[in-house]
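Reviewing the structure listed below.
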Amino acid sequence: MASSNTIRRIYAMKDVYPISDITDGVNPIHVQVGSQTPPSNRIRSKRAALTYNHVAEKFTMPISVAAKELGVSTSTLKYRCRELGIPYWPYLKIKSLATLESSVLGFARAGSQHIIRHIREEMEAIMDNPTLKISDETKDLRYRMYELKKKMKRKATGAV
């Protein structure tokens, strides 16, 4: 048997409906009937409206920011990306390549233009096809730039 406090709380709820057939006429209890609505067509139509080109324009930003700009949830954007053949969001790859480009520009030496051109071409290729992996040459360059920065930092602090 429900306590009197529980019954008071049930009666205090908005939109209560009696369920007298369950109680067999003995002290009918009222319960709130929740409405479980199916996913709206509006959400499905937003997801369907996301074309590869719309999504690809946002590869240079984190997925949460891209989802807000596209007007969908992050989960919906991820779901649509999988439908479009994009297994994961390529933002981190593109950010890594942009950081590498700025590092190379910071240590600009004669003949580094071909390296920058290579990085930009790879960035564009990943923008066109996010499933591509960063080439081994670029990974090696990224590691060498990391080591060079670390060496410069040690030199600046006076550590040997």
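- Here L141 pairs with L100, V104, I115, I119, R144, M145 under the side chain to side chain contact (heavy atoms under 4.5 Å, CB included) rule; sequence neighbours left out.
- By the side-chain hydrogen bond (donor to acceptor under 3.5 Å, both in side chains) test, K149 is found to be paired with S103, residues two or more places apart in sequence or in another chain being considered.
- The salt bridge (Lys or Arg N to Asp or Glu O under 4.0 Å) contacts involving residues 88-101 comprise E101-R120, where partners must be two or more places apart or lie in separate chains.
- Rounding to the nearest 0.5 angstrom, the gap separating the CD1 atom in I94 from the CH2 atom in W89 is 8.5 Å.
- When the side chain to side chain contact (heavy atoms under 4.5 Å, CB included) test is applied to K150, the partners found at least two apart in sequence or on another chain are Y146, E147, R154.
- Residue C81 holds its SG atom at 8.0 Å from CG of L50, rounded to the nearest 0.5 Å.
- Looking at residues two or more places apart in sequence or on another chain, you find no side chain to side chain contact (heavy atoms under 4.5 Å, CB included) involving E124.
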Could you pull out every donor-acceptor pair under 3.5 Å between side chains of residues 58-72 and any protein atom, sequence neighbours left out?
from, atom 1, to, atom 2, distance (Å)
K58, NZ, E69, OE1, 3.0

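- Both L92 and V55 sit in one connected hydrophobic cluster of ILVMFWY residues. Membership requires side-chain heavy atoms under 4.5 Å apart, directly or through other members.
- A distance of 5.0 Å separates CD1 in I126 from CG in L97, rounded to the nearest 0.5 Å.
- For E122, the side-chain hydrogen bond (donor to acceptor under 3.5 Å, both in side chains) partners at least two apart in sequence or on another chain are H118, S135, T138.
- With sequence neighbours left out, the side-chain hydrogen bond (donor to acceptor under 3.5 Å, both in side chains) criterion links S102 to no other residue.
- Between the side chains of T131 and N129, at least one donor-acceptor pair of N or O atoms lies under 3.5 Å.
- Judged as a side-chain hydrogen bond (donor to acceptor under 3.5 Å, both in side chains), and not counting sequence neighbours, S75 has no contacts.
- One distance of note links CZ of R80 with NE2 of H54; it measures 11.0 Å at 0.5 Å rounding.
- Taking OH of Y88 as the reference point, atom CD1 of I86 lies at 11.0 Å (rounded to 0.5 Å).
- Residues S96 and T99 bring no donor and acceptor atom of their side chains to less than 3.5 Å of each other.
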